[in-house]
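The structure appears right after this line, and notes come after that.
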Amino acid sequence: MKRSQLFRRLKARLPLRAQFLLEVCDYWRHLCRYNASIATDRDILKMQYTLLRENHIIEKGMSMRNTRRGFGQQKVAALVERLRRYNLLYGAVDKDFLFYPLSTIKSYIAYQRRDGIVVPAVESAFFQLCREANIIPTELSAPAGVQLMTADHLFKEALGDFSSLLYSRHSLRYFQQQLPSKDLLNKALTLASRTPSACNRQAWHTHIFFGDDAHELLRMQGGCNGFCEDIHCCIVVTADMKGFLAHEPFQCFIDGGLYAQNLINALHYVGLGSIPLSCGFMSDHLQDIKSRFHIPDNEVMIVIIGTGIMTDEIKVAISTRRPVTATNKYH
Ligand SMILES: Cc1cc2nc3c(=O)[nH]c(=O)nc-3n(C[C@H](O)[C@H](O)[C@H](O)COP(=O)(O)O)c2cc1C
């Protein structure tokens, strides 16, 4: 008998609580090996993912209702430095990766110029990186930065076919002060309840907060610095751990995630804007949020969805997607 088979048999004889401990140890081992904060630049994928994140911080900055004049210069300079390092380490392996962040930086420079701000340090670092990577700045044509949209256009597209629903959904970072009606929210929640779930257990829950409560929740969430006060309704999507058995310890995150995405699309369909906001935090931070907002201990937080009535005109981050060839593998 193979060692792995023997281990599995022995494990199955342990009490469930001990099996859970082994499960946690296995997750710990994966975290230590694959978490992007550990030995980041020694792994091309960890480096790419973290660069995409830093790139997004720049486009997200441009998509807020009110941006501070000249915002983000240090962050952009730091991004350029890391991109230079990427080019040195991995430029020969995957140079195309540079196009999207470089396009974002180019559009950041143009954004600042439109605002009457010149960022010479960023500009010269950008041109130097282009020279080092042998990329001609005028040929950086990938869509990047932000785009101005109208609520009318988004309403219309959301009611089109499935593809126009998906292509017209964007994360919006500011909404009208007026709150969305419970009728509209209930319509979206009802649509989202069509989400498939493991053995149809539907172990998802939602907790909806408005006004000051929503703002406080967003301040605690921490990922919307600069626009917490521009989102006046938050839906916390949770999944109930009580719905799952010993052989499926992580299923609550999967079912909850599927539900959350359907809810986001449903909100768009009923004419509301939305933004998913992360709950992927360390447990002590989540515990603080759960205690303050009376979310039961047995529910795991999946995501907070900021939602609301769209303003007539909206700036959205373009958030270019990677090509399907980079994320798919036919086996
Ligand atoms: C799980 C999750 C967590 C997110 N957390 C944040 C966040 O904390 N702050 C933020 O501004 N955007 C957040 N976003 C929005 C993403 O930045 C956005 O979905 C991504 O850039 C793609 O853009 P799009 O939604 O406009 O297509 C989050 C999205 C997801 C799916």
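In this text, all values refer to a predicted model and were calculated from it rather than measured experimentally. Start at 1 and go down the list; that is how both ligands and their atoms are numbered.
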Are [X] and [Y] an aromatic pair by the rule of ring centers under 6.0 Å?
X: F71; Y: Y108; value: yes
X: F97; Y: Y90; value: no
X: H207; Y: H294; value: no

Subject >> Close-range residues for ligand 1, whose non-hydrogen atoms fall below the 4.0 Å threshold >> reply: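 For ligand 1, the contacting residues are H56, K60, R169, H170, S171, R173, Q221, G223, F227, I275, P276, L277, S278, S319, R321.
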Subject >> Whether K75 side chain and I58 backbone form a donor-acceptor pair below 3.5 Å >> reply: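 Between the backbone of I58 and the side chain of K75 there is no qualifying donor-acceptor contact (under 3.5 Å).
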Just list the side-chain donor-acceptor pairs under 3.5 Å for residues 183-190, sequence neighbours left out, or say none.
from : atom 1 : to   : atom 2 : distance (Å)
N186 : ND2    : K182 : O      : 3.2
T190 : OG1    : N186 : O      : 2.6

Original post:
Are the charged groups of R201 and D255 less than 4.0 angstrom apart, N to O?
Top reply: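 Salt bridge between R201 and D255, a charged N being under 4.0 Å from a carboxylate O: no.
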